There are 2 protein chains.
Amino acid sequence: MPDNPIVQSAAAAGMSRYGQIARQLQDGILAGEWPPGSAIPAESALASRFGTALGTIRQAIAVLVQQGLLERVQGKGTFVRNGLSGGLPGASMMRFFRFRAESDGEATATATPMVPRSEILSCRSVRLDKTMAARFALGTGARGLAISRRRWVADHPRLLESIWLPLPGCAALQDIPTAEWGELLYPMLSQHCGITVHRAMDEVTFRPLEAGEAEQLALPASHPCALVTRQAFDIQGQCVEYRLTRGDAYAFRYAAEIR
Amino acid sequence: MPDNPIVQSAAAAGMSRYGQIARQLQDGILAGEWPPGSAIPAESALASRFGTALGTIRQAIAVLVQQGLLERVQGKGTFVRNGLSGGLPGASMMRFFRFRAESDGEATATATPMVPRSEILSCRSVRLDKTMAARFALGTGARGLAISRRRWVADHPRLLESIWLPLPGCAALQDIPTAEWGELLYPMLSQHCGITVHRAMDEVTFRPLEAGEAEQLALPASHPCALVTRQAFDIQGQCVEYRLTRGDAYAFRYAAEIR
DNA sequence: AAGTGGTCTAGACCACGTA
DNA sequence: ACGTGGTCTAGACCACTTT
């Protein structure tokens, strides 16, 4: 194999050739060798670089396409994707509330995919407690970013969000004035921190609102509250976000697609 | 190409060879040529039957594996899957309630995957209203099966379910005494009606319990209630189930994985 | 030992996008 | 015209499962 600048991965033994190549490409992508949106080298170039047949390269690329890390475009090339930056497919945070009359299920596409306006209430570095640090695979006493956000729909405060991010990785967010933050977190994580959200686990539960929360949502104290607990993971399975989202239970709608 | 007993599909023009083969295999599977659980012919056999190279057959099979219709097992063969018969991956109806102490999110695997006991309250043929008939792609006035089910966990009634099924397809269920029904609907649909649930859309909302519902769940009237609306689809995208699940909002937990 | 899928090769031609 | 990915071929050898 000709020398190549790609970072070598740990696991190489007992792995198929295309698996090794997929891993090396993934490492290169994560290392920023090919930033999101850019194209990786052509199949033929990779084949000669790795010293394998074209088919083997295709198989390696297929793995990363399957993972959602790459995207193939005929006639143009193979591109690094931006992850779930635009919003999560499958379960939509866009359809959190019934803005419109009762939808009929199938009408997912017809509903306005309204993105709630985001108001950053606070964003500060905090010491993570033990369980939160463990979630991010950080040691005890590690620090993180604690973000408090309120989301508005048509001049009504609808959602209250508490977000925790691991701090070594997300430090770049601190340098951005909260006024300049976009409406969505994931594109910011992707652009400023090089973090790509690849998978998430949501859990929906129900409980009364606490006093402070109720006030910020203009609801009476102990009003029924829907709580969505989300953990987001990057391509390597590392937890990169812990989020609590709260809102009026009776104006709440959570959609999920299972396949 | 040698003559083959496989049902010919409509779309053949402008489709890749492996796409055509995938379609023909799918038609054969849906037509019951290879029932769920059985193996389809070996790659080499298919290659000679269709008159293509092995790689083309592999590509066709890969499409159906991706769709979740087939499963490859090295050294044994390629098998027709039973769909989502055992319960849905991704979003789990098994973890609907907090049977145990607060889980820590990641601990999905450690939680007991307890299947609630199912009690069929009623199962009868009804005339579907316009929107329900449209869901099943049936004409106005079409009939369906309306099932009322209560689910128990450890001697407590926890869930109330109203299920609608399209009737021409699910008629076989009527012949089975409700006492002999299993705890899960999808395996029954698969075994008795040849219907495979492949994808589902859940929607979670909250509202007060209605009087009759509250009584059946041993809860006070107007108690907060979690409502999951599910539409299940077969491999062809046809809606094959509409289900409403209701339960105590305070004992509710809905988990979904997004990728 | 025989049969299955898993991996890999070294080519070929086609369809698409861009210059 | 050229480079890209999309499709396809006709083999090869390996790993796994069953007989």
Side-chain angles (χ1 to χ4, degrees), chain A residues 1-2 4 9 11-26 28-29 33-34 36-81, chain B residues 1-2 4 9 11-26 28-29 33-34 36-81:
Chain A
M1 187 196 312
N4 72 67
S9 247
M15 208 185 218
S16 60
R17 191 81 188 88
Y18 77 84
Q20 296 173 33
I21 293 174
R23 175 64 73 91
Q24 289 185 46
L25 289 176
Q26 176 177 311
I29 291 164
E33 182 158 350
W34 305 289
S38 68
I40 65 171
E43 297 177 344
S44 54
L46 291 172
S48 63
R49 181 197 290 207
F50 286 103
T52 69
L54 254 179
T56 306
I57 297 296
R58 295 187 65 82
Q59 230 167 332
I61 290 177
V63 170
L64 301 181
V65 168
Q66 170 75 18
Q67 286 183 9
L69 201 62
L70 291 177
E71 184 180 10
R72 318 193 67 158
V73 182
Q74 185 177 102
K76 294 183 70 175
T78 303
F79 299 85
V80 179
R81 293 210 345 176
Chain B
M1 186 195 313
N4 71 67
S9 248
M15 208 185 219
S16 59
R17 192 80 186 88
Y18 76 84
Q20 296 173 32
I21 294 174
R23 175 64 74 90
Q24 289 185 45
L25 289 176
Q26 177 177 312
I29 291 164
E33 182 158 353
W34 306 289
S38 68
I40 66 171
E43 295 177 347
S44 54
L46 291 172
S48 63
R49 181 196 293 207
F50 285 103
T52 70
L54 252 179
T56 305
I57 296 296
R58 296 186 65 82
Q59 231 168 330
I61 290 178
V63 170
L64 301 181
V65 168
Q66 169 76 19
Q67 285 183 12
L69 201 61
L70 291 178
E71 185 180 9
R72 318 192 67 159
V73 181
Q74 183 177 111
K76 295 183 69 176
T78 303
F79 298 85
V80 179
R81 292 208 350 173

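Here is the naming used below: chain letters follow the sequence lines, and residue numbers restart at 1 for every chain. Just so we're clear, the structure is a prediction, and the values are computed from it rather than from any experiment.
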Between the protein and nucleotides 15-19 of chain C, which nitrogen or oxygen pairs are less than 3.5 angstrom apart?
from   : atom 1 : to      : atom 2 : distance (Å)
C:dC16 : O4'    : A:Gln74 : OE1    : 2.7

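Qualifying side-chain contact (heavy atoms from CB on, under 4.5 Å) partners for A:Gln67, counting only residues two or more places apart in sequence or in other chains: A:Gln26, A:Val63, A:Leu64, A:His198, A:Ile235. Residues passing the side-chain contact (heavy atoms from CB on, under 4.5 Å) test with A:Gln59 are A:Tyr18, sequence neighbours excluded.
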Determine, stepwise, if the pair A:Leu69 / A:Val80 fulfils side chain to side chain contact (heavy atoms under 4.5 Å, CB included).
-> CA-CA 6 Å; A:Leu69 201 62; A:Val80 179; 5.5 Å; no
Does the pair A:Phe50 and A:Leu25 meet the rule for a side chain to side chain contact (heavy atoms under 4.5 Å, CB included), with working shown?
-> CA-CA 11 Å; A:Phe50 286 103; A:Leu25 289 176; 4.3 Å; yes
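Taking a heavy-atom distance under 4.0 Å as the criterion, the stretch of DNA chain D touched by chain B extends 5' to 3' from D:dT7 to D:dT18.
Looking at every heavy atom in both residues, A:Gly37 comes nearest to A:Phe79 through O-CD2, 3.6 Å. Closest heavy-atom contact between B:Ile21 and B:Ala60: CG2-CB, 3.7 Å. Pairing each heavy atom of B:Pro41 with each of B:Ala45, the nearest pair is CB-CB, 4.1 Å.
How far CG of A:Leu46 is from OG1 of A:Thr56: 12.0 Å, rounded to the nearest 0.5 Å. Atoms CZ and OG1, from B:Arg58 and B:Thr78 in turn, are 8.5 Å apart once rounded to the nearest 0.5 Å.
A heavy-atom distance below 4.0 Å to DNA chain C is reached by these residues of residues 53-63 of chain A, ordered by number: A:Ala53, A:Thr56.
A donor-acceptor pair is defined here as one N or O able to donate and one able to accept, closer than 3.5 Å; such a pair exists between the side chain of B:Arg81 and the backbone of B:Gly68.
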